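Hydrogens, waters and symmetry mates are skipped; everything else that's a heavy atom, side chains included, is used. Quick caveat: nothing in here was measured; it's all calculated off a predicted structure.
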Amino acid sequence: MNNFDIAVIGAGHAGCEAALAAARLGKSTVIFTINLDAVANMPCNPSIGGTAKGHLVREIDALGGEMGKCADKNMLQSRMLNLRKGPAVHSLRAQEDRRMYQIDMKKRLENQTNLSLRQAEVKEIEKIDDGFILTIHTGVKFTAKAVIIATGTYLEGRIIVGETAYSGGPDGMFPSRGLSESLKKMGVDLMRFKTGTPARVHSRSLDYTEMEVQEGDEDIVPFSFETEAEGIKNKICCHLTYTNTETHDIIRANLHRSPLFNGLIDGVGPRYCPSIEDKVVRFADKERHQVFIEPMGLDTSEMYIQGMSSSLPEDVQLDVLHSMKGLRNAEIMRCAYAIEYDCCDPLQLRPSLEFREVPGLYGAGQFNGTSGYEEAAAQGLMAGINAARKLSGLEPIVFDRSEAYIGVLIDDLVTKGTNEPYRMLTSRAEYRLLLRQDNADLRLTPVGHEIGLINDERYNKFLEKKARIEAEISRLRGVNVPPSAELNALLEEKESSAVTTGIKITELIRRPEVGYDELAPFDPGRPELCKAEREQVEISVKYEGYVRRQFEQVEQFKRNEKRLIPPDIDYDKVYGLRIEARQKLSKMRPENVGRAGRISGVSPADIGVLLIYLASLDRG
């Protein structure tokens with residue numbers, strides 16, 4: 001009764017995607033959570049997406065994952081970020097009804113065949129010949145052929161508020177105790193990281209007239225390619241206020257009471273999501289910082305104070321909040337806190353997210369050293385897929401850096417490692433013009449269908465969409481537009497140069513000031529396409545030259561990725577390798593030259609030496 005193919009430890013965003021993927025691929029799966037009320041919890045910001053993170057959510061959806069669908073259904077406000085920049089960095093972000101998201105995702109787990117949802121704390125994991133034995137807090141034992149660790153910030157969690165520190169998990173939950181020691185016994189190296197969250201305040205105590213209103217987009221783009229955009233609407237407004245010199249003075253006067261600066265916190269925190277006290281110290285020249293006031297849901301008065309993550313004592317937190325416009329009478333409902341937790345060194349992982357030295361054991365999410373719900377869900381999906389495929393005797397699915405942000409995320413973790421909670425950024429992707437959030441389905445839905453997570457009905461609709469886009473791009477290449485007063489009036493309005501002779505419509509679309517839709521009156525043969533399809537057509541035409549150059553770069557990249565390194569290579573015999581490179585390569589055993597070149601401490605000169613050695617093996 002307690003025998004499963006796959007066991008998932010943790011039911012946060014990584015665990016949910018891992019368990020759903022494994023079960024949908026036909027494997028009997030159990031997912032453990034310390035508290036069933038914490039399934040898919042959002043202990044920090046009640047939002048999904050954001051810069052680069054929105055890309056991950058759309059990729060998860062294109063592969064058959066669940067986060068995007070759940071986010072669309074429980075969305076409170078949606079905004080597309082970075083619209084003033086190019087399409088490569090456009091990123092979707094949605095404020096979520098936190099509790100409804102949890103309830104919805106829990107129901108999806110409960111209704112999934114092959115999946116058992118169990119409230120229990122896993123205390124010990126033992127490796128055996130054909131899998132693992134898991135012991136829960138009541139002493140009951142479970143067996144599994146593969147195990148996915150997705151413990152989030154629970155593993156030996158420690159809460160810090162000012163001078164107070166105590167054992168605890170996020171949101172007042174119990175921590176996971178004992179499992180760390182069990183993992184160490186199996187040879188898993190652990191690190192100690194830290195993250196934090198702002199206070200929650202009562203809505204009635206805020207003065208919204210002193211804040212700026214933050215509206216959502218009128219034209220909403222869903223996360224899921226299956227969601228009908230017409231069916232989702234903004235339900236709330238968010239608000240914006242700012243810190244000021246008084247705020248900063250209060251923080252500076254109390255730095256001696258901050259665990260970040262008095263030595264109480266040992267864990268390493270996220271550089272890209274610093275606490276407010278860290279921001280005031282690091283950016284001393286800034287007179288103010290943005291603070292967003294965001295609802296936690298429709299049926300609660302709790303408001304999330306984005307931008308004010310802190311571990312200062314509660315009395316100082318209150319003084320800090322009261323120094324800002326709109327928050328001068330704020331009532332704290334939950335104080336801000338920092339949390340320290342154990343996570344693994346991701347350099348121990350294969351690109352499939354399986355531990356190199358513990359076959360059948362996988363890591364996902366914050367356990368792998370990342371931050372963010374979206375990074376977690378992406379890893380969970382891939383761990384679930386690859387654990388299921390391994391049990392079926394299939395090769396793992398591994399995306400390279402030119403195929404998906406998921407590929408960039410995992411490659412960074414397993415090749416470069418991380419000394420702080422890793423956050424996905426568009427700047428991390430070398431080929432971000434190819435990896436846009438708008439074309440995630442075109443890139444990854446065929447893979448999702450091949451894996452078995454995208455059904456035939458969805459796949460056939462996708463093929464029809466793709467055919468319409470390709471046909472329109474082909475048609476446009478043959479369309480010429482004659483000069484006319486109306487056309488030149490449009491061009492003048494757009495501050496673009498007039499035309500005196502016929503011109504290909506593709507040349508007009510390539511002008512930065514002119515869009516595909518604006519040229520509709522001059523193109524009578526234009527077919528009916530939906531907004532997403534029109535967007536694909538415009539981007540493909542407008543950025544054709546840039547895209548072609550990136551594809552050329554990808555070809556060079558793939559040549560290095562295809563140059564495999566023998567798994568049993570003895571780097572001590574590679575004459576000319578520096579000692580550091582020899583040590584790093586021997587420890588990490590990269591599968592190919594491309595991955596070897598991305599290892600910290602391996603120089604281009606080392607790669608040159610390695611290539612010469614591999615060539616000698618070919619000749620020999």
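- Under a 3.5 Å cut-off, the side chain of Glu374 and the backbone N or O of Val57 do not form any donor-acceptor pair.
- The closest donor-acceptor contact from the side chain of Glu59 to the backbone of Leu444 lies at 3.5 Å or more, if one exists at all.
- Of the possible donor and acceptor atoms, one in the side chain of Ser205 sits under 3.5 Å from a partner among the backbone N and O of His202.
- Using a 4.0 Å cut-off between a side-chain N of Lys or Arg and a carboxylate O of Asp or Glu, Asp412 and Arg401 qualify as a salt bridge.
- Under the 4.0 Å criterion applied to side-chain N and carboxylate O atoms, Lys184 and Asp342 are not assigned as salt-bridge partners.
- More than 12 heavy atoms of other residues, nucleotides or ligands shown are found within 6.0 angstrom of NZ on Lys584.
- Judged by distance alone, with hydrogens and angles left aside, the side-chain atoms of Asn368 form a donor-acceptor pair with the main-chain N or O of Gly363 at under 3.5 Å.
- Between Arg423 and Glu375, none of the side-chain N atoms (NZ, or NE/NH1/NH2) sits under 4.0 Å from a carboxylate O, so this pair counts as no salt bridge.
- Counting heavy atoms from C-beta outward, Phe225 and Arg58 have side chains that approach closer than 4.5 Å.
- A donor-acceptor pair under 3.5 Å links the side-chain atoms of Asp5 to the main chain of Ser28, judged by distance alone.
- Here the side chains of Phe292 and Cys238 are not in contact, with every heavy-atom distance at 4.5 Å or above.
- The shortest side-chain heavy-atom distance between Asp299 and Arg99 does not fall under the 4.5 Å cut-off.
- Shown are Ile397, Asn386, Leu453, Asp61; of these, the side chain to side chain contact (heavy atoms under 4.5 Å, CB included) with Leu381 is made only by Leu453.
- Taking the centre and axis of the six-membered ring of Phe142, the NZ or CZ atom of Arg118 falls outside the cone set by 45° and 6.0 Å.
- Under the 4.0 Å criterion applied to side-chain N and carboxylate O atoms, Glu121 and Lys123 are assigned as salt-bridge partners.
- Checked against Asp104 for a side-chain hydrogen bond (donor to acceptor under 3.5 Å, both in side chains), the options Gln102, Arg108, Lys106 give a single hit: Arg108.
- In terms of modelled atom types and a separation under 3.5 Å, the side chain of Glu17 and the main chain of Gly384 share no donor-acceptor contact.
- Other residues, nucleotides and ligands place more than 12 heavy atoms under 6.0 Å from the CD atom of Glu110.
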Give the intermediate values and the outcome of salt bridge (charged side-chain N to carboxylate O under 4.0 Å, His left out) for residues Arg93 and Glu294. CA-CA 13 Å; Arg93 181 185 185 275; Glu294 300 172 330; 3.1 Å; yes
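- Within 6.0 Å of the NZ atom in Lys235, the count of heavy atoms belonging to other residues, nucleotides or ligands exceeds 12.
- Gln95 contributes no side-chain N or O that, together with a main-chain N or O of Ser47, makes up a donor-acceptor pair within less than 3.5 Å.
- Under 3.5 Å, the side chains of Thr29 and Asn114 contain no donor-acceptor pair of N or O atoms.
- A salt bridge links Asp411 with Arg598; the closest basic N to acidic carboxylate O contact falls under 4.0 Å.
- Around the CD atom of Gln119, the shell of radius 6.0 Å holds more than 12 heavy atoms that belong to other residues, nucleotides or ligands.
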